[in-house]
Amino acid sequence: PRFMHLDEDRAALYVADSYNNRIQKFIIGGNGTGITVAGGNGAGTNLNQLSRPSGVWVTRNGQTLYIADSNNNRVMRWNLGDTQGSVVAGSATGAGGNTNTLLSYPADVALDPTETYLYVSDYYNNRLCPSRQYKLYKQILDQYGYITPESSIRNITSVAKTADLHTGLYDLTDMIMYISNARGTNETGPFEAYQRQFVKINHNIEFARPYPSFK
């Protein structure tokens with residue numbers, strides 16, 4: 001398993017069961033048996049398949065999942081009860097890339113509090129970007145310039161995530177972020193992000209800095 005999403009209102013935990021190519025739903029306080037709510041049909045690029053999903057986000061009404069379908073270089077929207085999803089960002093064929101319409105191993109997804117914007121952690125491209133809808137992309141680009149965690153973190157709800165590659169704890173009440181990443185090529189120590197030292201970032205300080213020039 002990679003990332004998880006907790007639906008507190010419905011006591012439901014959604015788990016990205018990466019190597020089984022599926023999203024599992026568990027009821028808190030239940031018998032521990034999961035229900036496959038997306039994927040589970042082997043790895044592939046068909047709309048009823050996922051390939052190493054890493055991240056999952058659930059809408060406030062508990063009816064729709066947004067899935068970082070990592071190995072397929074895309075983000076899927078999947079309504080609960082449906083047998084297949086739809087591609088909302090990245091390539092429908094699984095092709096990766098670094099243009100504004102392509103992704104390369106998206107690691108996680110998040111909706112802003114109004115559920116207007118979808119943010120994607122485009123892992124191998126080292127960027128945080130909105131969904132591929134051009135009007136939305138241009139609107140955010142015009143407001144913030146090149147999309148970075150510093151320029152968009154205010155619009156993402158507080159959430160804790162743990163995983164092998166990246167672990168983050170976001171406290172947006174105090175504007176504090178604690179992050180750790182997996183061991184780099186020339187680094188030593190544990191490989192998994194959750195076993196490594198965390199870095200504390202105070203966004204009250206960061207946002208007080210002059211805005212960089214994006215050209």
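We count residues from 1, following the sequence as given. Note that the structure is a prediction, hence the values are computed from the model and not measured.
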> Is any side-chain heavy atom of Leu13 closer than 4.5 Å to a side-chain heavy atom of Leu6?
Replying inline: yes
> Who pairs with Thr36 by side chain to side chain contact (heavy atoms under 4.5 Å, CB included), at least two apart in sequence or on another chain?
Replying inline: Arg22, Gln24
> Which atoms form the tightest heavy-atom contact between Arg183 and Glu187, and what is the distance?
Replying inline: CD-O, 3.3 Å
> About how many Å separate NZ of Lys25 and CG of Leu80, when rounded to the nearest 0.5 Å?
Replying inline: 5.5 Å
> Checking side chain to side chain contact (heavy atoms under 4.5 Å, CB included) for the pair Leu50/Ile23: CA distance, chi angles, key distance, verdict?
Replying inline: CA-CA 9 Å; Leu50 301 170; Ile23 305 298; 4.0 Å; yes
> Atom CD1 in Ile27, atom CD1 in Ile35: separation rounded to 0.5 Å?
Replying inline: 6.5 Å
> What distance separates Gln63 CD from Asp82 CG, expressed to the nearest 0.5 Å?
Replying inline: 10.0 Å
> Please, which pairs that meet ring-ring contact (aromatic ring centres under 6.0 Å, His included) have at least one residue in residues 65-97, sequence neighbours excluded?
Replying inline: none
>> I need the minimum non-hydrogen distance between Gly55 and Asp108, along with the two atoms involved.
In response: CA-OD1, 3.4 Å
> What are the two closest heavy atoms between Val87 and Ala92, and how far apart are they?
Replying inline: CG2-CA, 4.1 Å
>> Quick check on salt bridge (charged side-chain N to carboxylate O under 4.0 Å, His left out): which of Arg2, Arg52, Arg77, Arg74 does Asp69 satisfy it with?
In response: Arg74
> Between atom OH of Tyr19 and atom OG of Ser51, what is the distance when rounded to the nearest 0.5 Å?
Replying inline: 10.5 Å
> To the nearest 0.5 Å, how far apart are CG in Asn41 and CG in Asn46?
Replying inline: 9.0 Å
> If every non-hydrogen atom of Asn73 is compared with every non-hydrogen atom of Leu103, which pair is closest and at what distance?
Replying inline: CB-O, 3.5 Å
> If every non-hydrogen atom of Asp122 is compared with every non-hydrogen atom of Leu102, which pair is closest and at what distance?
Replying inline: OD2-O, 4.1 Å
>> Just so I know, are the side chains of Leu65 and Tyr14 near enough to count as touching, which here means a heavy-atom distance under 4.5 Å?
In response: yes
>> Using side chain to side chain contact (heavy atoms under 4.5 Å, CB included), reason through Leu118 and Val75 one step at a time and then give a plain yes or no.
In response: CA-CA 10 Å; Leu118 172 66; Val75 175; 4.1 Å; yes
>> Using modelled atom types and a 3.5 Å cut-off, is there a donor and acceptor pairing between side-chain atoms of Asn20 and backbone atoms of Gly40?
In response: no
>> Using modelled atom types and a 3.5 Å cut-off, is there a donor and acceptor pairing between side-chain atoms of Ser70 and backbone atoms of Pro106?
In response: yes
>> Please tell me whether Asn79 and Thr64 have a donor and an acceptor in their side chains that are separated by less than 3.5 angstrom.
In response: yes
>> Just to verify, what does Thr114 make a side chain to side chain contact (heavy atoms under 4.5 Å, CB included) with, not counting sequence neighbours?
In response: Asp112, Thr116
>> For a quick test of reading the model, state the closest non-hydrogen atom pair linking Leu47 to Met76 and the distance between them.
In response: O-CE, 3.8 Å
> According to the interplanar angle, ranging from 0 to 90°, do the rings of Tyr105 and Tyr124 count as parallel (below 30°), tilted (30 to 60°) or perpendicular (above 60°)?
Replying inline: tilted
> Which value, rounded to the nearest 0.5 Å, describes the distance between Ile67 atom CD1 and Ser54 atom OG?
Replying inline: 11.5 Å
